[in-house]
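In what follows, a single structure is set out as structure tokens and then discussed.
Throughout, numbering of the chain's residues begins at 1 and tracks the sequence. Since the model is a prediction, treat every value here as computed from it, not as a measurement.
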Amino acid sequence: MNKLFIFDTTLRDGEQVPGCQLKSEEKLEIAFGLESLGVDIIEGGFPVSSPEDFRSVSLLSEHIKNATVCGLTRAIEEDIDVAANALKSAVNPRIHTGIGTSESHIRFKLNSTQDEIIKRGVHAVKYARNKVAEVEFYAEDAGRTDNEYLARVVEAVIDAGATIINIPDTTGYCLPNQFGEKIAYLVNNVPNIDTAILSTHCHNDLGLATANSIAGILAGARQVECTINGIGERAGNTSLEEVVMIINQHKHIMVKHGIDTRQIIPMSKAVSEMINMPVQPNKAIVGANAFAHSSGIHQDGVIKNRETYEIIDPEKVGAKGSEIILTARSGRAALNFHAKKLGYELDPETLKAAYKDFLEVADQVKCIEESHLHDIFQNIKVVA
Ligand code: KIV
Ligand code: ZN
């Protein structure tokens with residue numbers, strides 16, 4: 001099995017969500033949770049961006065002992081000096097430096113040329129390698145960068161000392177096959193690629209971040225950059241829980257990660273509360289409805305055998321279990337299931353009568369509560 005490194009950027013790219021900025025102590029609390037969850041690398045912040053972000057990376061460096069602590073920089077000496085300073089107490093420090101490589105970044109943002117960008121990237125990597133042993137290079141907007149040029153950039157920065165190469169789909173532009181082909185192109189065309197790990201960093205502007213990350217892993221990437229609940233600027237980043245559970249569900253992907261999946265839902269709740277951003281109910285894996293069944297046909301199937309409509313055992317991700325929700329779309333099997341839980345034994349005739357009353361109540365209220373059920377059963381003289 002190949003090791004897949006889980007690089008969590010909840011505290012850097014994730015925290016860029018407007019209004020969700022965290023204080024250093026809050027970041028440390030989440031970082032402890034991430035370390036216990038089993039992530040390999042924690043990107044703590046962008047130290048040059050603000051004094052508080054500098055403090056965050058310094059605090060993580062002092063306290064996080066198992067995971068690598070990473071700080072982001074631009075390909076600028078001052079950024080690298082500040083990041084190295086923030087990382088000075090880390091057991092395993094990593095500087096994540098890089099520069100835009102797409103035509104639009106080079107021409108409009110950086111007002112530069114392709115050759116000049118390679119020089120700046122190489123210089124940043126060499127400069128960072130003088131400060132820490134582990135340097136990751138990002139080719140910003142790699143998703144829209146021409147593959148041939150991207151391969152030249154990657155070869156040069158590996159020669160300069162980068163051992164992890166991040167291929168961000170910064171704007172969430174790629175289709176899964178295009179992103180997979182990009183990674184495959186680098187695997188096959190960069191002569192020194194076997195001395196580095198390729199990393200995916202996909203954004204979700206078209207809802208494809210997870211699919212693109214998986215395509216990248218299938219093509220040979222061995223690090224995935226992600227956030228808890230998929231939080232991040234605009235439509236967010238790849239969500240950690242989705243990638244991990246896809247790998248667990250599809251064993252043929254043949255990579256091994258160190259995530260303790262039972263901590264996924266507690267971690268999702270902790271992050272959501274800390275940044276004050278609710279998780280959408282239908283969010284895969286961690287949404288409130290991820291294991292809730294409300295239509296009659298599905299409920300009947302799940303009551304007979306959970307796997308009929310569930311591919312994940314909820315307890316494996318830290319959920320209490322599957323839920324059978326009673327609504328006007330529920331069937332008799334679900335009503336009987338809840339009746340039994342409340343201690344009522346209904347024979348077929350009584351169940352039929354109770355179901356008729358149930359539908360009348362359910363058409364009036366959105367969700368049936370226990371108190372409604374007691375009223376329904378007691379009205380037709382069933383005793384618990
Ligand atoms: O999306 C992106 O390109 C980034 C880089 C700074 C790594 O977040
Ligand atoms: Zn990003």
Side-chain angles (χ1 to χ4, degrees), residues 7 9 11-17 41 43 45-49 53 70-80 82-83 94-128 135-158 160-174 178-179 182-183 185-186 190 196-206 208-209 212-213 216 221 223-227 232-238:
F7 177 115
T9 184
L11 301 177
R12 199 277 299 170
D13 221 348
E15 191 243 19
Q16 288 174 203
V17 176
I41 303 105
E43 188 164 53
F46 181 10
V48 84
S49 68
D53 230 24
C70 178
L72 186 81
T73 82
R74 292 165 295 180
I76 293 177
E77 288 184 4
E78 188 205 346
D79 283 28
I80 296 170
V82 174
R94 179 185 294 183
I95 287 180
H96 188 190
T97 190
I99 195 161
T101 55
S102 64
E103 208 191 316
S104 98
H105 276 237
I106 296 175
R107 278 188 39 204
F108 303 115
K109 188 176 108 173
L110 302 160
N111 189 20
S112 186
T113 62
Q114 288 191 334
D115 288 342
E116 189 54 33
I117 289 300
I118 294 183
K119 276 195 202 135
R120 284 167 68 175
V122 163
H123 177 73
V125 170
K126 287 189 174 156
Y127 192 80
V135 174
E136 170 169 345
F137 177 84
Y138 63 85
E140 195 179 3
D141 205 14
R144 292 187 299 172
T145 300
D146 162 65
N147 287 348
E148 240 173 82
Y149 174 63
L150 187 60
R152 279 176 53 209
V153 175
V154 170
E155 182 180 355
V157 295
I158 293 176
T163 49
I164 305 98
I165 306 296
N166 180 11
I167 306 300
D169 185 18
T170 305
T171 57
Y173 169 77
C174 289
Q178 293 170 331
F179 193 74
K182 191 172 283 291
I183 298 291
Y185 185 89
L186 297 174
V190 174
I197 291 173
L198 279 170
S199 181
T200 66
H201 177 113
C202 299
H203 280 266
N204 206 29
D205 299 66
L206 291 172
L208 290 171
N212 285 345
S213 303
Q223 178 178 280
V224 63
E225 306 195 6
C226 46
T227 62
E233 262 185 83
R234 309 188 308 280
N237 287 58
T238 302

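When Cys202, Pro168, Ser213, Ser199 are each tested for a side-chain contact (heavy atoms from CB on, under 4.5 Å) with Glu225, only one passes: Ser199.
The environment of Lys109 atom NZ is dense: over 12 non-hydrogen atoms of other residues, nucleotides or ligands sit within 6.0 angstrom. In Tyr173, the OH atom is not crowded: 12 or fewer heavy atoms of neighbouring residues, nucleotides or ligands sit closer than 6.0 Å. Counted within 6.0 Å of CD on Glu103, heavy atoms from surrounding residues, nucleotides or ligands total 12 or fewer; the atom is thus considered open.
Ile165 has its side chain within reach of Val157: a pair of non-hydrogen atoms, C-beta onward, lies under 4.5 Å apart. Residues Phe7 and Cys226 fail the side-chain proximity criterion, which asks for heavy atoms closer than 4.5 Å. Two residues are said to be in side-chain contact when any heavy atoms from C-beta on lie closer than 4.5 Å; Ser112 and Arg107 fail this criterion. Looking at heavy atoms from C-beta onward, Ile95 lies in side-chain contact with Ile80 at the 4.5 angstrom threshold. The shortest side-chain heavy-atom distance between Leu11 and Glu43 does not fall under the 4.5 Å cut-off.
Using modelled atom types, one side-chain atom of Asp53 and one backbone atom of Phe46 make a donor-acceptor pair closer than 3.5 Å. Not a single donor-acceptor pair under 3.5 Å links the side chain of Asn204 to the backbone N or O of Gly236. Checking side-chain atoms of Asn212 against main-chain N and O of Cys174 turns up a donor-acceptor pair under 3.5 Å.
Side-chain contact check for Thr227 and Asn237: no donor-acceptor pair (N or O, by modelled atom type) lies under 3.5 Å. Side chain to side chain, Thr145 and Ser102 fail the donor-acceptor criterion of an N or O pair below 3.5 Å. His201 and Asp13 share a side-chain donor-acceptor pair at under 3.5 Å. Using modelled atom types and a 3.5 Å distance limit, the side chains of Glu77 and His123 yield a donor-acceptor pair.
Here the shortest heavy-atom pairing between Asn147 and Tyr185 reads O-CE2, 3.4 Å. Contact between Thr101 and Tyr149 at its shortest, heavy atoms only, is O-CE2, 3.4 Å. The two atoms that bring Asn166 and Thr200 nearest to each other are OD1-C, 4.0 Å, heavy atoms only. Across all non-hydrogen atoms, the minimal contact from Leu150 to Ala139 is CD1-CB, 3.7 Å. Across all non-hydrogen atoms, the minimal contact from Asp169 to Gly143 is OD1-CA, 3.5 Å. What you find for Ala221 and Ile183 is that their closest heavy atoms are N-CG2, 3.8 Å.
In this structure, Leu208 CG and Gln178 CD are separated by 9.5 Å, a value rounded to the nearest 0.5 Å. Going from atom CD1 of Ile167 over to atom NZ of Lys182 covers 8.0 Å, rounded to the nearest 0.5 Å. For the atom pair OG1 of Thr73 and OH of Tyr127, the computed distance is 11.0 Å after rounding to the nearest 0.5 Å. Put simply, NE2 on His96 and OH on Tyr138 are 7.0 Å apart, with the number rounded to the nearest 0.5 Å. Rounding to the nearest 0.5 Å gives a distance of 9.0 Å between CG of Leu110 and OG of Ser104. In this structure, CD in Glu15 is found 10.5 Å from CD in Glu233, a value given to the nearest 0.5 Å.
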Test Thr163 against Val135 for side-chain contact (heavy atoms from CB on, under 4.5 Å), laying out the working first.
CA-CA 6 Å; Thr163 49; Val135 174; 5.9 Å; no
Does the side-chain contact (heavy atoms from CB on, under 4.5 Å) test come out yes or no for Lys126 and Val122, once each step is laid out?
CA-CA 6 Å; Lys126 287 189 174 156; Val122 163; 4.0 Å; yes
Worked check of side-chain contact (heavy atoms from CB on, under 4.5 Å) between Ile158 and Phe137
CA-CA 9 Å; Ile158 293 176; Phe137 177 84; over 6 Å; no
Please lay out, stage by stage, how Arg144 and Thr171 fare under the test side-chain contact (heavy atoms from CB on, under 4.5 Å).
CA-CA 8 Å; Arg144 292 187 299 172; Thr171 57; 3.5 Å; yes
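Ion pairing between a basic and an acidic side chain is recognised when a charged N comes within 4.0 Å of a carboxylate O; Arg152 and Asp115 show such pairing.
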